[in-house]
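Below is one structure, written out as C-alpha cells, with a few remarks after it.
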Amino acid sequence: VVTREEVEESLKAVFQFVKDKEQLFQDLRSKTEETKKKNSEKQHERDYWLEYKNVGSEVHAEKISSLEKDIVEVKYELERTEEHYREALKVVREENQKQFDRHMKLLSEAALKKAVGYLDKNCRREIEENEWLKEEVEIYRKEERDLKASVQLLEEENTSLVAKLIDIKLQHLR
C-alpha cells in the first residue's frame, strides 16, 4: 500500500532531480557564454594584430597567423562544445521524461490497487468477472475469425466444383 506521503515524497524527489538537471544546464550555458567571451576577446586581439600587420610589421606576422589559427580552433571547439551540450541536454530531457512516465505509471498502478482494496467483495468479484468476460469475448472473436476463414475456403472450393460440374455437363451436351 502506497500512502499519499510516499507519493508526494517520490514526486518531490523526481522534481528535485529535474531541478538539479536544469541547474546543470544553466551552468553549462554560463560556460558557453564564457567561451563566447573568450572568443570575442581573441577576436579583438586578432583585430589589433591585423592592424599592426597592415602598418608594416613583418616581425609579428607569424604570431598573427598563430592567433588566427587559435581563433579558428576556439570557434571550432565552441561549436563542438555547443553541439555536445545540446545533445547532452536532449538525452537528459528524454531520460527525465522516461523516468517521470515510469514513475507516474507506478503511481497510477499503486493508486488502482489501493482503490480496489477499498472496494467491497461484490465489486471486486464484478471486476474479476469483467476481466474473465473480456478474455472470453477475445476467445470467441478468434473462433469467429477462424470459422469465417473456413467458410471462405469452403465457398471457394464449392465454386470451383460447380464450375467443373458445369464444364463436364457442357462437354456431355456437345
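Numbering starts at 1 and runs along the sequence shown. Only a predicted model underlies this, so the values are computations on that prediction, with no experimental measurement involved.
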Decide yes or no for Leu50 and Glu68: does some side-chain heavy atom of the first lie under 4.5 Å from some side-chain heavy atom of the second?
yes
Taking it one step at a time, do Leu107 and Leu11 satisfy side chain to side chain contact (heavy atoms under 4.5 Å, CB included)?
CA-CA 10 Å; Leu107 289 177; Leu11 283 174; 4.1 Å; yes
Tell me, with the steps shown, if Gln152 and Glu156 meet side chain to side chain donor-acceptor pair (under 3.5 Å).
CA-CA 6 Å; Gln152 178 71 24; Glu156 290 173 3; 3.1 Å; yes
Give the minimum heavy-atom separation between Ile71 and Lys42, together with the two atoms involved.
CD1-O, 3.2 Å
Between Glu83 and Arg86, does any NZ, NE, NH1 or NH2 come within less than 4.0 Å of an OD or OE carboxylate oxygen?
yes
Verify same cluster id: Phe15, Leu24 (apolar side-chain graph, 4.5 Å):
no
From CG (Leu161) to CG (Leu154), nearest 0.5 Å
10.5 Å
For the hydrophobic clusters of this structure (ILVMFWY residues joined by side-chain heavy atoms under 4.5 Å, transitively), does one cluster hold both Leu170 and Val162?
yes
Would Glu94 and Lys98 pass as an ion pair if we require N to O under 4.0 Å?
no
Could you tell me if the side chain of Gln43 sits less than 4.5 Å from the side chain of Lys75, heavy atoms only?
yes
Nearest 0.5 Å, what's the CD-CD distance between Gln23 and Gln16?
10.5 Å
Step by step, would you call Lys105 with Asp101 a salt bridge (charged side-chain N to carboxylate O under 4.0 Å, His left out)?
CA-CA 6 Å; Lys105 182 180 177 185; Asp101 292 343; over 6 Å; no
Within this structure, what is the CG-CG distance for the pair Leu89 and Asn96, rounded to the nearest 0.5 Å?
9.5 Å
Contact between Glu9 and Lys12 at the side-chain level, heavy atoms closer than 4.5 Å - yes or no?
no
For Thr159, enumerate each residue passing the side chain to side chain contact (heavy atoms under 4.5 Å, CB included) test, keeping only those at least two apart in sequence or located in another chain.
none
Under 4.5 Å between side-chain heavy atoms, counting indirect links through other Ile/Leu/Val/Met/Phe/Trp/Tyr residues: same cluster for Leu106 and Phe100 or not?
no
As a quick check of understanding, evaluate side chain to side chain contact (heavy atoms under 4.5 Å, CB included) for Tyr76 and Arg80, giving each step before the final call.
CA-CA 6 Å; Tyr76 176 72; Arg80 282 188 45 216; 3.1 Å; yes
Distance, nearest 0.5 Å, that separates CG of Asn39 from CG of Asp70
11.0 Å
Spacing of CD belonging to Glu135 relative to CG belonging to Asn130, to within rounding of 0.5 Å
10.5 Å
Between Glu41 and Glu45, does a side chain to side chain contact (heavy atoms under 4.5 Å, CB included) hold up when you go through it step by step?
CA-CA 6 Å; Glu41 290 171 3; Glu45 190 175 342; over 6 Å; no
Pairing of Lys36 and Glu82 as salt bridge, 4.0 angstrom limit:
yes
Are Lys37 and Glu34 ion-paired here, with the side-chain N under 4.0 Å from a carboxylate O?
no
Side-chain heavy-atom pair Tyr140, Glu136 within 4.5 angstrom cut-off
yes
Under the criterion side chain to side chain contact (heavy atoms under 4.5 Å, CB included), I'd like the reasoning laid out for Phe25 against Val92: C-alpha separation, chi angles, the key distance, then a yes or no.
CA-CA 10 Å; Phe25 294 125; Val92 169; 3.5 Å; yes
Ion pair check, Asp27 and Lys31, cut-off under 4.0 Å:
no
Rounded distance (nearest 0.5 Å) linking atom CD of Glu6 with atom CD of Glu8:
11.0 Å
